[in-house]
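Predicted model only: the values in this text are computed from it and were never measured. Within every chain, numbering begins at 1; the chains are lettered A, B, ... in the order of the sequence lines, protein sequences first and strands thereafter.
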Number of protein chains: 2
Amino acid sequence: MSCEVNLTNQLRERGFRITPQRSVILHILGHAKAHLTPAEVYQQASISLPGLTETTVYRTLEFLAQTGLAQTVFNGKSKYAYEISGYAHHHLVCRQCGTEVEIPHVKAEALFKELQESTGFQLMQNHISFFGLCPVCQED
Amino acid sequence: MSCEVNLTNQLRERGFRITPQRSVILHILGHAKAHLTPAEVYQQASISLPGLTETTVYRTLEFLAQTGLAQTVFNGKSKYAYEISGYAHHHLVCRQCGTEVEIPHVKAEALFKELQESTGFQLMQNHISFFGLCPVCQED
DNA sequence: TTCCTTATTGCAGTTAACTGCAATAAGGAT
DNA sequence: ATCCTTATTGCAGTTAACTGCAATAAGGAA
Ligand SMILES: [Mn+2]
Ligand SMILES: [Mn+2]
Ligand SMILES: [Zn+2]
Ligand SMILES: [Zn+2]
């Protein structure tokens, strides 16, 4: 019916079950304009699924990350955020003010390839957080 | 007296106060053979500083990270770890089994330089965590 | 030394993330 | 349609990380 059908089918084909909880959370992530925290996902998802628990939100988001449909954002503050895996990119995060800048994955492609070849690791191809100071916060 | 004097002097020169808590924690980090969690630091530090609280450990580790004397390790599990800033390196972390591989910073130097020039960010030059699957866990 | 300013700590309480286990329900088989 | 297996969820409780505020003490000034 709605927009997240292709993603749920992808899960079913891989042997996972499609639950209302997963559908709703995928729907929300799919329409998000920004990184969403578990609390934000829970808040929105509760509207259409009143019985939903935060535990399930945490587990579903982690599940989506493990299966590659979503990505975890590390902002350096022990608070998570997630987004649907789409356009491959990374972030520069200011350790002072939290400002985030998006970096297209292609800029890091050479490094990723090199690391994979030299270590045998299969790297998730996007969404690394690079930490530092933004231009504004450098004046301290 | 002991090994962490150069680090504490560095802090004093920058206008920070040297407390027994900071000295002990720096000493522990300086002698650590691996990444240490706040709990591990607390446990060890409590021996020589019985009154120490976990809160102070969390704040001191964060403080050392902010001032560049220590580095935060993101293992992808919302549990922190720290190490003294020494040899510049990064890590590949297996999302399945947690295995970590060390990568010398020099391999990422070109990318870092490029990102700094194109964005104006001043990046912390080490200790990025790249996530993926280790060779063993790829057989699933 | 003693005093003074204020950075740092400890305390108490909060929020975020995680875990074990029993109840539920997805989806394949009959 | 009904049953069955077991993946997934909700519940209750735990652990890790964080925060506000008053008490303490580092280190510069007198
Ligand atoms: Mn992103
Ligand atoms: Mn390291
Ligand atoms: Zn900034
Ligand atoms: Zn592995």
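Mapping B:T55 and B:S78 onto DNA chain C via the closest heavy atom, the residue that lands nearer the 5' end is B:T55. When each of B:K79 and B:I18 is assigned the nucleotide of DNA chain D with its nearest heavy atom, B:K79 is the one assigned upstream, toward the 5' end. Between A:V57 and B:R17, the residue anchored nearer the 5' end of DNA chain D, judged by the nucleotide with its closest heavy atom, is A:V57.
B:F63 places its CZ atom 13 Å from the C1' atom of C:dT9, with the value rounded to the nearest Å. The separation between B:Y42 atom OH and D:dA17 atom P is 14 Å, rounded to whole Å. At whole-Å resolution of the value, NZ in B:K77 and P in D:dT15 are 18 Å apart. Put simply, CD on B:E54 is 14 Å from P on C:dA12, counting in whole angstrom units. Between A:Y58 atom OH and D:dA16 atom C1' the separation is 12 Å, expressed in whole Å. Atom CD in A:E13 sits roughly 13 Å away from atom P in C:dG27 (whole-Å rounding). Remark: P of D:dA17 and OH of B:Y82 are 8 Å apart, rounded to the nearest angstrom. Going from atom CG of B:L11 over to atom C1' of D:dA26 covers 13 Å, rounded to whole Å.
Residue contacts for A:T19: at a heavy-atom cut-off of 4.0 Å it reaches the sugar-phosphate backbone alone, with no base atom in range.
Under the 4.5 Å side-chain heavy-atom criterion for grouping Ile, Leu, Val, Met, Phe, Trp and Tyr, A:V73 is not connected to A:F63 through any hydrophobic cluster.
Atoms OH and CG, on A:Y82 and A:L36 in that order, are 11.5 Å from each other to the nearest 0.5 Å.
A side-chain donor-acceptor contact under 3.5 Å links B:Y80 to the backbone of A:S78.
Considering only side-chain N and O atoms, B:T56 lies under 4.0 angstrom from the phosphate OP1 or OP2 of C:dG10.
Base pairing annotation: D:dA30 forms a Watson-Crick or G-U wobble pair with C:dT1, both donor-acceptor distances under 3.5 Å. For C:dA22, the paired nucleotide is D:dT9, the pair qualifying as Watson-Crick or G-U wobble because both relevant distances are below 3.5 Å.
Environment of CD in B:Q66: crowded, with over 12 heavy atoms of neighbouring residues, nucleotides or ligands closer than 6.0 Å.
Salt-bridge formation is not detected for the pair A:E62/B:K77: no Lys NZ or Arg NE/NH1/NH2 atom is positioned less than 4.0 Å from an Asp or Glu carboxylate oxygen.
For B:R59 and C:dG10, a side-chain-to-base donor-acceptor distance below 3.5 Å is present, hydrogens and geometry of angles not being considered.
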